[in-house]
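The analysis underlying the following values was restricted to heavy atoms, covering all of them including side chains, and did not include hydrogens, waters or symmetry mates. These figures come from a predicted structure and were not determined experimentally. Per chain, numbering begins at 1; letters A, B, ... match sequence-line order.
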Amino acid sequence: MMYKITRWIALSFFSLLILIPSTMVLLGSFKTDLEIYDSPMALPVKWTLDNYQRLLDDGDILINFKNSVIVTFFSVAITLLLASMVSFAIARLMNVTGRVLFVLFALGLAIPGQVNIIPIYLLFSDLGLTNTFHGLIAVNIVATLPISVFILTSFFRELPNEMYEVASIDGASHLRVFRSIAVPLSRPALGATAIFLFVICWNDLLFPLLLITESAKKTLPLAMLDYRGEYATSFSMIFTAVMVASIPMVVMYLAMQKSFVAGLTAGAVKG
Amino acid sequence: MSGATRRTSKNRRSVQGSKTALYWMSAPALALYAFLFLFPVLSNFRYALMKWDGIDEGEFVGLANFKKLATDDDLATKVLGNNIEFMFWVVIFQTTLALLFATYLVKNSRASLFFRTLFFFPTILSSVSVAMIWLFLYDPNYGAINTTLIRLGLDSFALNWLGSETSALYAIIFVQVWFHTGQMMVIYIAGLQQIPAELYEAANVDGASRWQQFKSVTWPMALPTSAVVVAYTTIQSFRAFDLVYATTQGGPNNTTSILTTMIFQTAFNEFRFGYAASQSIIMIIMIFLITGLQRRILRTRY
């Protein structure tokens with residue numbers, strides 16, 4: 001009995017802790033500042049899209065949105081391609097080279113890429129890669145390679161060995177085995193990794209902050225820092241920006257909860 | 001028997017013969033990774049020995065940066081302390097809550113699924129969005145927390161949460177726990193579902209209470225998962241740059257500054273790139289020390 005009561009209290013408390021702020025943001029994006037400050041949980045007096053309209057009129061949010069889409073899409077796609085190839089090679093190379101490769105990438109899991117902000121900034125300034133999408137995409141790829149290699153290698157290792165043997169006896173090349181056996185079989189793992197990478201790239205602030213200064217090139221999280229300065233204490237506008245930045249993620253999460261949960265914990269569970 | 005050996009030897013030959021293809025397949029990833037991760041890590045060590053504003057010619061100063069960091073930099077000492085305090089409390093609270101919720105929600109029922117979906121939800125938001133939400137809640141004048149407290153007549157509890165030196169770090173710790181507990185809970189649930197049901201049945205037959213069951217079955221069986229959760233949470237708290245930068249930028253008076261925000265400021269506000277690189281080296285060493293220590297503690301426990 002005690003157990004049941006404490007369980008419900010704990011669960012309800014944490015639920016409210018998440019539900020209340022989320023509702024405030026959702027409702028707040030349809031309200032005026034005064035309404036938000038006065039009664040953040042009340043329904044809007046009048047449901048209007050004025051805040052959204054103003055956000056569109058005022059600034060570059062559509063451009064920021066498009067930038068985020070471009071950067072995220074290419075970062076995820078290229079990471080998946082590169083990581084799946086190298087993971088396949090690591091899983092198939094049952095020698096020292098394979099192990100060394102794995103350890104090299106595992107190093108990137110232990111040391112967060114954040115310790116490299118100084119050298120990367122200096123290198124990119126030298127090469128003229130600041131304020132470019134391909135520069136940012138390259139950094140994103142490198143930041144997410146270790147975790148992707150980690151997830152995919154353990155998946156490729158679990159595929160039954162016979163499958164590879166049969167294929168190689170039939171004279172199929174490694175590339176062929178990779179393309180027509182390993183990749184199709186690893187679709188769930190690739191999907192989970194894709195979601196993981198998608199969330200990381202879409203939400204990242206550090207690398208855009210480090211490399212992008214031109215406002216026309218800013219991604220959503222970076223632009224939101226500007227909105228905060230611009231609108232100061234106008235939380236109705238800030239909430240609207242939060243909504244715009246989060247909607248793609250929230251829709252995807254509600255549509256594919258299971259894959260999201262699997263993807264965002266894949267690295268840790270596998271470890 | 002002989003057939004089997006023949007097959008493996010033939011197989012080994014065919015794999016041996018085409019290893020080149022595998023090397024080529026690793027080449028693109030390895031090249032990019034070497035260029036933008038391994039090489040920068042090494043350059044950090046070179047820059048750390050220099051005094052450099054990032055524009056003019058750098059000056060080689062040997063270990064002077066490290067000497068200054070160790071003996072004559074109150075800010076760095078304070079920040080290191082902040083980072084450890086931040087990590088410590090986040091690990092404690094987040095792991096405890098995640099395990100508690102996981103034990104509550106381990107059985108697949110409709111209610112469990114609802115709570116799991118809800119608790120996991122913050123994980124998909126960006127640190128900047130989370131920061132904006134909490135900047136509102138914590139706002140001293142307009143924020144939902146203070147207006148509620150004042151309405152309840154609890155004016156003395158209405159603090160300037162992110163603006164005062166005594167509360168700011170804890171306010172951010174709270175947000176970090178709010179942000180990531182759901183993710184760790186899911187990892188725990190996956191771990192707890194591996195525990196054989198017979199163990200609980202046996203405990204039930206022995207008349208063990210809920211707490212005894214937790215102590216003698218759940219906790220020891222979940223230790224490997226705890227090791228993963230603690231390690232993950234630790235690394236995550238070193239990566240909390242986005243959240244701190246978007247809420248307080250390390251203020252007030254550096255009470256919320258952690259290693260990454262300090263490195264960023266040293267380089268891009270003060271233009272001391274060599275010094276910032278030496279701080280990065282300290283951060284690498286810190287991470288290795290702490291994760292190594294944790295691995296020791298959690299391994300000897302089971």
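No side-chain heavy atom of D139(B) sits less than 4.5 Å from a side-chain heavy atom of Y37(A). Put simply, the side chain of I133(B) does not reach to within 4.5 Å of the side chain of F235(A), judged on heavy atoms. For the pair F115(B) and F14(A), the minimum side-chain heavy-atom distance is 4.5 Å or more. Side-chain atoms of N95(A) and K19(B), non-hydrogen and from C-beta on, do get closer than 4.5 Å to each other. Contact annotation: the side chain of L123(A) approaches that of L36(B) to within less than 4.5 Å [non-hydrogen atoms, C-beta and beyond]. With contacts defined as side-chain heavy-atom distances shorter than 4.5 Å, the pair I18(A)/P122(B) qualifies. With contacts defined as side-chain heavy-atom distances shorter than 4.5 Å, the pair V25(A)/F136(B) does not qualify. Between R228(A) and L135(B), the closest side-chain pair of non-hydrogen atoms falls below 4.5 Å.
Contact annotation for R210(B): only side-chain heavy atoms (C-beta onward) come within less than 4.5 Å of a heavy atom of chain A. Only the side chain of T147(B) comes within contact range of chain A, judged by heavy atoms closer than 4.5 Å. Residue I287(B) touches chain A through its side chain alone, counting heavy-atom pairs closer than 4.5 Å. At a 4.5 Å heavy-atom cutoff, the contact between I111(A) and chain B is made by backbone and side-chain atoms alike. Interface remark: T6(A) contributes backbone and side-chain atoms alike to the contact with chain B (heavy atom separation under 4.5 Å). Interface residue S112(B): only side-chain heavy atoms are found under 4.5 Å from chain A. The parts of Y104(B) that come within reach of chain A are both its backbone and its side chain, each placing non-hydrogen atoms under 4.5 angstrom from that chain. No part of Y227(A) comes within reach of chain B, as not one of its non-hydrogen atoms sits under 4.5 angstrom from that chain. Neither the backbone nor the side chain of I200(A) has a heavy atom closer than 4.5 Å to any heavy atom of chain B. With a 4.5 angstrom heavy-atom cutoff, L137(B) touches chain A only via side-chain atoms. For V149(A), no part sits under 4.5 Å from any heavy atom of chain B, backbone or side chain. When heavy atoms are compared at a cutoff of 4.5 Å, L145(A) approaches chain B solely by way of its side chain, counted from C-beta outward. Only the side chain of T97(A) comes within contact range of chain B, with heavy atoms under 4.5 Å apart. For F268(B), the part lying near chain A is the side chain, with the backbone staying farther off; criterion is any non-hydrogen pair under 4.5 Å. Of the atoms belonging to M243(A), not a single heavy atom falls under 4.5 Å from chain B. Contacts of F37(B) with chain A are made by both backbone and side-chain atoms, with heavy-atom separations under 4.5 Å. Interface remark: F35(B) contributes backbone and side-chain atoms alike to the contact with chain A (heavy atom separation under 4.5 Å). With a 4.5 angstrom heavy-atom cutoff, P221(A) touches chain B via backbone and side-chain atoms both. Interface remark: D204(A) contributes backbone and side-chain atoms alike to the contact with chain B (heavy atom separation under 4.5 Å). Contact annotation for I235(B): only side-chain heavy atoms (C-beta onward) come within less than 4.5 Å of a heavy atom of chain A. Residue Y188(B) does not touch chain A at all, counting heavy-atom pairs closer than 4.5 Å. Of the two parts of F260(A), the backbone and the side chain both hold a non-hydrogen atom closer than 4.5 Å to a non-hydrogen atom of chain B. Only the backbone of L109(A) comes within contact range of chain B, with at least one heavy atom under 4.5 Å from a heavy atom of that chain. Residue R151(B) touches chain A through its side chain alone, counting heavy-atom pairs closer than 4.5 Å. No part of T266(B) comes within reach of chain A, as not one of its non-hydrogen atoms sits under 4.5 angstrom from that chain. For L38(B), the part lying under 4.5 angstrom from a heavy atom of chain A is the side chain only. The parts of L93(A) that come within reach of chain B are both its backbone and its side chain, each placing non-hydrogen atoms under 4.5 angstrom from that chain. V199(A) touches chain B through its side chain: at least one heavy atom from C-beta onward sits under 4.5 Å away, while N, CA, C and O do not.
Counting all heavy atoms, side chain and backbone alike, Y3(A) lies closest to T103(B) at OH-O, 4.2 Å. The two residues Y245(B) and L205(A) make their nearest non-hydrogen contact at CD2-CD2, 4.1 Å. The heavy-atom pair separating Q114(A) from F238(B) by the smallest distance is OE1-O, 3.4 Å. Summarising the geometry of M249(A) relative to I124(B), their closest heavy-atom pair is CG-O, 3.3 Å, with the distance given to 0.1 Å. Between F121(B) and S22(A), the closest heavy-atom pair is CE2-OG, 3.8 Å. Of all heavy-atom pairs spanning F241(B) and L206(A), the tightest one is CE2-CD1, 3.3 Å.
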(message) Does L113(B) form a side chain to side chain contact (heavy atoms under 4.5 Å, CB included) with K258(A)? I'd like the steps, not just the answer.
(response) CA-CA 10 Å; L113(B) 287 178; K258(A) 275 213 178 117; over 6 Å; no

(request) Determine, stepwise, if the pair V86(A) / Y33(B) fulfils side chain to side chain contact (heavy atoms under 4.5 Å, CB included). (result) CA-CA 11 Å; V86(A) 73; Y33(B) 182 68; over 6 Å; no

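At distances below 3.5 Å, not a single donor-acceptor pair connects side-chain atoms of N203(A) with backbone N or O atoms of S127(B). No side-chain donor-acceptor contact under 3.5 Å links N44(B) to the backbone of P119(A). A donor-acceptor distance shorter than 3.5 angstrom exists from the side chain of Y253(A) to the backbone of T117(B), with no hydrogens or angles considered.
A distance of 3.5 Å separates CZ in F264(B) from CG in L209(A), rounded to the nearest 0.5 Å.
Of the listed residues (G98(A), G108(A), G28(A)), the one with the most heavy-atom contacts under 4.5 Å to chain B is G108(A).
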